[in-house]
Structures are given as C-alpha cells and as structure tokens.
Protein chains: 2
Amino acid sequence: MASNAVMEETLQVLKDHKLRVTPQRHIILAYLVSHHNHPTVETIRDGVGKELPNVGASTVYNTLNTFVDHHLVVELQNGDGSTHYDYFGTPHYHAICTNCGRIVDVTYPGFSDTEKSLEKKTAELSGYMISGNHMEVYGLCPECQIKLGIKNNE
Amino acid sequence: MASNAVMEETLQVLKDHKLRVTPQRHIILAYLVSHHNHPTVETIRDGVGKELPNVGASTVYNTLNTFVDHHLVVELQNGDGSTHYDYFGTPHYHAICTNCGRIVDVTYPGFSDTEKSLEKKTAELSGYMISGNHMEVYGLCPECQIKLGIKNNE
DNA sequence: TTAGTAAGTGAGAACCATTCCAATGTAACT
DNA sequence: AGTTACATTGGAATGGTTCTCACTTACTAA
C-alpha cells in the first residue's frame, strides 16, 4: 500500500495534468510511483488487488494509455510478449537483459545532456518537432552472465 | 526485384553468419537490404510476392526473428500494433512520428561515439555485458506538423 | 556424387495481449 | 442537487505472433 505522501503527490500529479481523479487512476499511479519493478498489466492488477479487487483489465489498459499519452509513464518491451510500464519521474533509461528480460533503470550525471543533444540533432536532421525519446541498452545481466558461465574477458 | 549486386552481398551476409541459405531467407534479406521503408511482415509478404508467392507467415516471422537474433535486423514499434523491421547495415537510429507512425532513419557524424559512450556508462553502472542498444526519438513529422496546423515557434 | 540428417518451410490452429462495445457508474461544474 | 461528459466494467472480438507437424531441403561427410 502506498504511503500518504505518495498518495498526496500522485493526486497533485493527476490534477496538474487535468486528469479526472478516479480511485482507479489514483491507486494505479500510486502503485507505479512506489514500485520500480517495471510491471505488466497483470502485475499491476495483482499489486492493486487489495484496493481495487474488481478492477477491469480494460480499465488498467485505458489508464496506462492515458498516462503514456501524458508522458507520466513509459512503455517497455523486454521480449516476453507483454508491455511493461515505468513511472518516469526522473530522466533515466533502461538496460534490458536479453536472456531473462530483467529491466533495470540507469542514469548518470550528464545523461540529460546526451538526451538533449540527441533530440537537437534529430530535429535538425529530420525536421521532426521532437517530443521525447527512448533509449535502451541490451546485454546480459550479472546473474545471467554467471548462470550461462560466461566470463568477462577484460 | 533486388539487383544482382544485392543478391551477392546478401548471400555473403548469410554465409558469414553461418545461416543456412534458403531461397526464402535470401529473398527476404535482399528485400530488406534494398528497401528502407521499415516494413511489417505483411508488407514484406506483399513485397516478395513475385519471387515467393506462397511464403508462409510463419516462415517470414521465423526468418525475421533469426535475423534479429543475429543482429542483422532490428525491430521497431510505431504504435500501429505490428512490428516493423529494418536492415541494420550502418549504425543509425529512428525518429518516429507520434501522429502518423512514419519512421525515418537518422544518423550523424559522432553518433557512434554517443552510442559507445552510452554503452560504456551502462556497463559500468549496471554490470550488464552489453550487446547492443536502441535509440528512438519521438515527435511530429514535417507533414503532420502542417496537417495539424502547428507552427514551429522559433 | 550421394546418402544421411539436422534444419527450414508452410498451412492452419492456437494463443493471448490488447482493444472494442454497450451498459452502468461517477467526478466535476453550475 | 442536477447535469453532463467522461470513466469503468466485463465480455466479446480482434489480430499479430507463435505453435504444431508433416513435408521438403540445404549442408556435410564419406
């Protein structure tokens, strides 16, 4: 269950984006803010099961699509067939394991400059009016490196 | 129909990757090499209809998944529900229109440095053994800017 | 050159994540 | 409180992708 602080914050976020505040939206957003496990729709339904026992799958999909449209949340694919979601409070990108699908958040000082410079270059070269980006890096997570008996040759 | 030069090149690419050379693989790869329209499976089946009139959908999917595994091809989502494919002969990334789904290839001198630096940072921070990345930039393509009557405020 | 064999192909069925639909419920504004 | 536009539900429909399996074929080793 999300803390009161999170509930207050998410309430404000919904209002700031002029989104109608329903219990479903509020609770789902709070779940995303307080969990960084890159959940699927199924994971989210399980996670909010206590507060929203009868939430419809369509509602969760609708809600997430709304959040994505408002850039509150980003969609991620890790190859397991379903979409994963991530609250995007602070700029970061994702490292995705090509073996087990594990997704981890990554950021570093200066990342936001890299991003901005990529967007600027893209605008110049393509004529697009840029609204956002996605960066992902693929590889084997530390656990899978061990599991597969791969030794890092450095 | 792909040129002889393309057919020779793709034959070599398949052999280099130790992939069994079937007509289906050869023709589909040649199609991807000579078309930069980021096709879907459906588009590809139409495109190779003359050479492979009875190619099965499964075959096209299998072939593309094999190419993806071998990093010959990358997968792209533009929000229309189906996967788009792109031959990845030279390093580049994609700008995707959030309105019409149009995908364009983008690159610039120094892009490969940006990529390498992102991968290096990621390896350090996450412990992943990096094998690749995806970068995408979103925005409105020039046509949609006009269509939607948006003026660039610069 | 010719088996032998591991791998690829094709048609259709199956799968399943996501969207659609129509009825019901409810948040927000007057 | 009344109104209205929007959100929620659950079930059905959709459709992209994978699975199955019988058949065919590309490679390899003699």
Side-chain angles (χ1 to χ4, degrees), chain A residues 7 10-31 38-49 51-70 72-85 101, chain B residues 7 10-31 38-49 51-70 72-85 101:
Chain A
M7 292 307 277
T10 49
L11 180 60
Q12 196 54 50
V13 169
L14 290 173
K15 285 183 177 171
D16 288 349
H17 284 263
K18 306 222 189 304
L19 289 171
R20 190 181 281 199
V21 178
T22 67
Q24 290 83 350
R25 287 177 173 180
H26 198 175
I27 290 167
I28 290 170
L29 185 57
Y31 177 86
H38 310 94
T40 61
V41 164
E42 198 188 349
T43 315
I44 293 170
R45 288 182 83 188
D46 289 350
V48 302
E51 291 100 328
L52 299 170
N54 300 320
V55 68
S58 337
T59 301
V60 181
Y61 279 106
N62 286 338
T63 302
L64 290 167
N65 286 339
T66 303
F67 290 168
V68 169
D69 289 345
H70 286 259
L72 293 175
V73 160
V74 294
E75 294 182 331
L76 298 168
Q77 316 282 341
N78 72 343
D80 72 355
S82 57
T83 303
H84 296 247
Y85 297 87
Chain B
M7 292 306 277
T10 50
L11 180 60
Q12 197 53 50
V13 170
L14 290 174
K15 285 182 176 169
D16 289 348
H17 285 264
K18 307 218 188 305
L19 290 171
R20 192 181 278 204
V21 179
T22 66
Q24 291 83 350
R25 286 177 173 177
H26 198 174
I27 290 167
I28 290 171
L29 185 57
Y31 177 86
H38 310 96
T40 61
V41 165
E42 199 188 350
T43 315
I44 293 170
R45 289 183 83 188
D46 289 350
V48 302
E51 291 100 330
L52 300 170
N54 298 320
V55 69
S58 343
T59 300
V60 181
Y61 278 106
N62 286 339
T63 301
L64 290 167
N65 287 338
T66 302
F67 291 167
V68 169
D69 290 345
H70 286 260
L72 292 176
V73 160
V74 293
E75 295 182 330
L76 298 168
Q77 315 284 340
N78 71 345
D80 73 354
S82 57
T83 303
H84 295 247
Y85 297 88

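Every chain is numbered from 1, with letters handed out A, B, ... down the list of sequences.
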* Residues forming a side chain to side chain donor-acceptor pair (under 3.5 Å) with B:T59, sequence neighbours excluded -> none
* Could you list all the side chain to side chain donor-acceptor pair (under 3.5 Å) pairs where at least one residue sits in residues 16-28 of chain A, not counting sequence neighbours? => A:T10-A:H26, A:Q12-A:D16
* Structure fact -> For A:D80, the side chain to side chain contact (heavy atoms under 4.5 Å, CB included) test, sequence neighbours excluded, returns A:N78, A:S82, A:H84
* Structure fact -> Applying side chain to side chain donor-acceptor pair (under 3.5 Å) to A:T63 and not counting sequence neighbours gives none
* To do: Not counting sequence neighbours, which residues clear ring pair (Phe, Tyr, Trp, His ring centres under 6.0 Å) with A:H38? List them please.
  => A:H94
* Side chain to side chain, A:Y85 and A:V74, heavy atoms closer than 4.5 Å -> no
* Asked: Between B:I27 (CD1) and C:dG8 (C1'), how many Å, whole number?
  -> 14 Å
* **Results of side chain to side chain donor-acceptor pair (under 3.5 Å) for A:Y31 - residues two or more places apart only** => A:N37
* To do: With axes from five pairs an end, tell me the bend angle of the helix from C:dT1-D:dA30 to C:dT30-D:dA1, nearest 10°.
  => 50°
Name the pairs: protein N/O against N/O of nucleotides 16-22 of chain C, kept only if under 3.5 Å.
residue : atom : partner : partner atom : Å
C:dT18  : OP1  : A:T83   : N            : 3.1
C:dT18  : OP1  : A:T83   : OG1          : 2.5
C:dT18  : OP2  : A:Y61   : OH           : 2.5
C:dT18  : O5'  : A:Y61   : OH           : 3.4
C:dT19  : OP2  : A:N65   : ND2          : 3.3
C:dC20  : N4   : A:S58   : OG           : 3.2

* **Considering all heavy atoms, the nearest B:M7-B:A30 contact** => SD-CB, 3.5 Å
* Asked: Once you round to the nearest 0.5 Å, how far does CD1 of B:I28 lie from CD of B:E51?
  -> 10.5 Å
* If the sugar-phosphate is the primed atoms plus P, OP1 and OP2 and the base is the rest, what is the B/S/- string for nucleotides 23-30 of chain C, using protein heavy atoms under 4.0 Å? -> ---BBS--
* Structure fact -> note: B:H26, atom NE2; C:dT9, atom P; distance rounded to Å ~ 13 Å
* **Pairwise side-chain contact, B:T66 with B:L19, heavy-atom cut-off 4.5 Å (strictly under)** => yes
* **Heavy-atom side-chain proximity of A:L11 to A:V21 below 4.5 angstrom** => yes
* Got a sec, which residues hit side chain to side chain donor-acceptor pair (under 3.5 Å) with A:T40, two or more places apart in sequence or on another chain? -> A:T43
* 5' to 3' on DNA chain D, which nucleotides open and close the contacts with chain B (atom under 4.0 Å from a heavy atom)? -> D:dG16 to D:dC27
* Asked: At what distance, to the nearest 0.5 angstrom, does CG of B:L14 lie from CZ of B:F67?
  -> 5.5 Å
